[in-house]
Amino acid sequence: MRVLLNPSRTMAPHVLMSADAVGGVWQYSLDLAAGLVRRGLPVTVAVLGPAPSDARIAAAEDATGARILATGLPLDWTAETSDIVLDAARAFAELARSLEADCVHLHSPALALADYPMPVAAVCHSCVATWWEAVETGPLPPDLAWRHDLTVRGCRTADALLAPTRAHALATARVCGLARPPRVVRNGRTPSGSAPRALARHAFTAGRLWDRAKNAAALDGLAARLSAPLRAAGSVEGPNGAQVGTRHLHLLGRLDDAGIAAELAARPVFVSLARYEPFGLAVLEAATAGCALVLSDIPSFRELWDGAAAFVQPDDAAAAATSVQGLLDDAERRAAASAAAAARAARYGVEPMIDGVLGILRGLLAGTPTRLGGAAA
């Protein structure tokens, strides 16, 4: 267990969080930061990867009460070598020292691979090994193998590990050879506050469409079979050079929070045919807004939404089309599905997420030797 940089401090402990602004980690980080600030903790959110605009940073600071810093450090999953990731970890540890942080909350276990003089918690939002299992076969290619090695070492170095679902916690423990799985703290999402509108006569999906795990090809095949549009929010080109082409999806591009909220306020039938999704904040946002759900039958979605969503095999576009079209054509069935999704979403609020993370951070600050993911013997 690391010791506190300044254990004599009597003020509320300062939490330094890492984040990126590319995907769902951004919303997770802002919701968590705002909750910790509400509980009296000063929070700094240090952004790695592409920097948000000045206006976006200012809006995030106003919304959360946290300090938002764009570090210019690379994301681990876009870095070209392990040395780049390790250099970023060392730079982040130096930032933690300079800010006199009392504890650190990382969005990537690999960032724990540095000399932090304060306790470190890391969230296993996803990892290349579990992603690879979901989208490919055979051994990890060299470019992913070294990334997996850093993840394993980071999981064994961090003082505490968290995961958003039990399914992902167990998968992470298995591929990383951990003696115990990470502690499960389910994600939450602050409702947008947008007033619901009349039910839209279309379907909707959102996510990083360029990511093969999001299964854009199956979504495109589904869209071709529907009598109504399948509107898709998200980029078709990723920061790592990945891209995808579609023919039938109604592409909306990358939408900001207000744009997503506006789409969901019409309560379209929400679809995700992801092959891999450790949690799925987009699904939670849709369910919270009252959208009926059609989801791929993968362990994490079953864990979260069994009994509150329709499930299909990820690559069965025909079955997905039957399910979505059935909801679009049957108002009574759609209303029941919408109510079931909203009721289930209420279980996954921001406050339980904040309470779970705060409990772990308090344990670390008190010197409790958690090592929740520790190395296998």
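Contact check for L30 versus I68: side-chain heavy atoms found under the 4.5 Å cut-off. Counting only heavy atoms from C-beta outward, the side chains of E277 and L295 never approach each other to under 4.5 Å. Side-chain contact between L36 and H105 is absent, with no heavy-atom pair separated by less than 4.5 Å. Annotation: side chain of L304 is not in contact with side chain of V283 (no heavy-atom distance under 4.5 Å). Between L170 and R174 there is no side-chain heavy-atom pair separated by less than 4.5 Å. A heavy-atom distance below 4.5 Å is not found between the side chains of P268 and E263. In this structure, the side chains of L162 and P182 stay at 4.5 Å or more apart for every pair of heavy atoms.
Linking Ile, Leu, Val, Met, Phe, Trp and Tyr residues whenever their side-chain heavy atoms come within less than 4.5 Å places L230 and V236 in a single cluster. Residues V37 and M353 share a single hydrophobic cluster, defined by chaining ILVMFWY side chains whose heavy atoms lie under 4.5 Å apart. In terms of hydrophobic clustering, with Ile, Leu, Val, Met, Phe, Trp and Tyr side chains grouped at heavy-atom distances under 4.5 Å, L252 and I260 are assigned to a common cluster. Residue L161 is not grouped with residue L113 when hydrophobic side chains (ILVMFWY) are merged at heavy-atom distances under 4.5 angstrom, including chains of intermediate members. The hydrophobic cluster containing F92 does not contain L86, counting ILVMFWY residues as joined when their side-chain heavy atoms lie under 4.5 angstrom apart, directly or transitively.
Taking all atoms of both residues into account, the shortest heavy-atom contact from C176 to C155 is SG-SG, 4.3 Å. C103 approaches M118 most closely through the heavy-atom pair CA-CG, 4.0 Å. Here the shortest heavy-atom pairing between D102 and L365 reads O-CD2, 3.5 Å. Between A317 and L222, the closest heavy-atom pair is CB-N, 3.7 Å. In plain terms, the two heavy atoms of I84 and P74 that are nearest each other are CG2-CG, 3.4 Å. The minimum heavy-atom distance linking A110 with V85 is given by the pair CB-CG1, 4.0 Å.
Here side chain to side chain donor-acceptor pair (under 3.5 Å) pairs that include residues 295-307, with residues two or more places apart or in two chains, are R186-E303, D297-R302, R302-D306. Applying the side chain to side chain donor-acceptor pair (under 3.5 Å) rule to pairs touching residues 332-344 yields nothing, sequence neighbours excluded.
Judged by distance alone, the side chain of H168 and the main-chain N or O of F279 form no donor-acceptor pair under 3.5 Å. N215 contributes a side-chain N or O that, together with a main-chain N or O of P314, makes up a donor-acceptor pair within less than 3.5 Å. Under a 3.5 Å cut-off, the side chain of H148 and the backbone N or O of V175 do form a donor-acceptor pair. Distance alone, capped at 3.5 Å, is enough to place a donor-acceptor pair between the R201 side chain and the L328 backbone. S98 places a side-chain N or O within donor-acceptor distance of the main-chain N or O of L95, the cut-off being under 3.5 Å.
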Subject >> Verdict with reasoning, R38 to I354, per side chain to side chain contact (heavy atoms under 4.5 Å, CB included) >> reply: CA-CA 10 Å; R38 287 197 300 271; I354 295 164; 3.5 Å; yes
**OP:** Evaluate the criterion side chain to side chain contact (heavy atoms under 4.5 Å, CB included) for residue pair V271 and L219; output intermediate values, then yes/no.
**Re:** CA-CA 8 Å; V271 185; L219 290 169; 4.0 Å; yes
**OP:** I would like to know whether Y116 and L16 meet side chain to side chain contact (heavy atoms under 4.5 Å, CB included); could you show each step before the answer?
**Re:** CA-CA 12 Å; Y116 289 87; L16 173 63; over 6 Å; no
Subject >> side chain to side chain contact (heavy atoms under 4.5 Å, CB included) between S108 and H125, intermediate numbers included >> reply: CA-CA 7 Å; S108 169; H125 287 291; over 6 Å; no
**OP:** Quick one: do E237 and R254 satisfy salt bridge (charged side-chain N to carboxylate O under 4.0 Å, His left out)? Show the steps, please.
**Re:** CA-CA 10 Å; E237 297 182 356; R254 185 176 178 181; over 6 Å; no
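A distance of 4.5 Å separates CG of D87 from CZ of R90, quoted to the nearest 0.5 Å. Separating the OG atom in S235 from the CG atom in D211 is a distance of 11.0 Å, to the nearest 0.5 Å. The structure places OG1 of T288 at 9.0 Å from CZ of R189, a figure rounded to the nearest 0.5 Å. Considering OG1 of T205 and CG of L249, their distance stands at 8.0 Å, rounded to 0.5 Å. Going from atom CG of D76 over to atom CG of L150 covers 8.0 Å, rounded to the nearest 0.5 Å. Expressed to the nearest 0.5 Å, how far OG of S227 lies from CD of Q325 amounts to 3.5 Å.
Looking at residues two or more places apart in sequence or on another chain, you find a salt bridge (charged side-chain N to carboxylate O under 4.0 Å, His left out) between R212 and E136.
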Taking only distance into account, with no hydrogens and no angle test, what donor-acceptor pairs under 3.5 Å do side-chain atoms of residues 40-54 form with protein atoms, sequence neighbours excluded?
| unit_1 | atom_1 | unit_2 | atom_2 | d |
| --- | --- | --- | --- | --- |
| T44 | OG1 | H14 | NE2 | 2.9 |
| S53 | OG | R56 | N | 3.0 |

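Between D220 and R225, none of the side-chain N atoms (NZ, or NE/NH1/NH2) sits under 4.0 Å from a carboxylate O, so this pair counts as no salt bridge.
A donor and an acceptor atom, one from each side chain of Q27 and N187, are nowhere located under 3.5 Å apart.
Chaining together hydrophobic side chains whose heavy atoms lie under 4.5 Å apart places L140 alongside V128, W131, W132, V135, L144, Y276. Taking a 4.5 Å side-chain heavy-atom cut-off between Ile, Leu, Val, Met, Phe, Trp and Tyr, the cluster of V25 contains only that residue.
Ring pair Y28/H107: centre-to-centre distance not below 6.0 Å.
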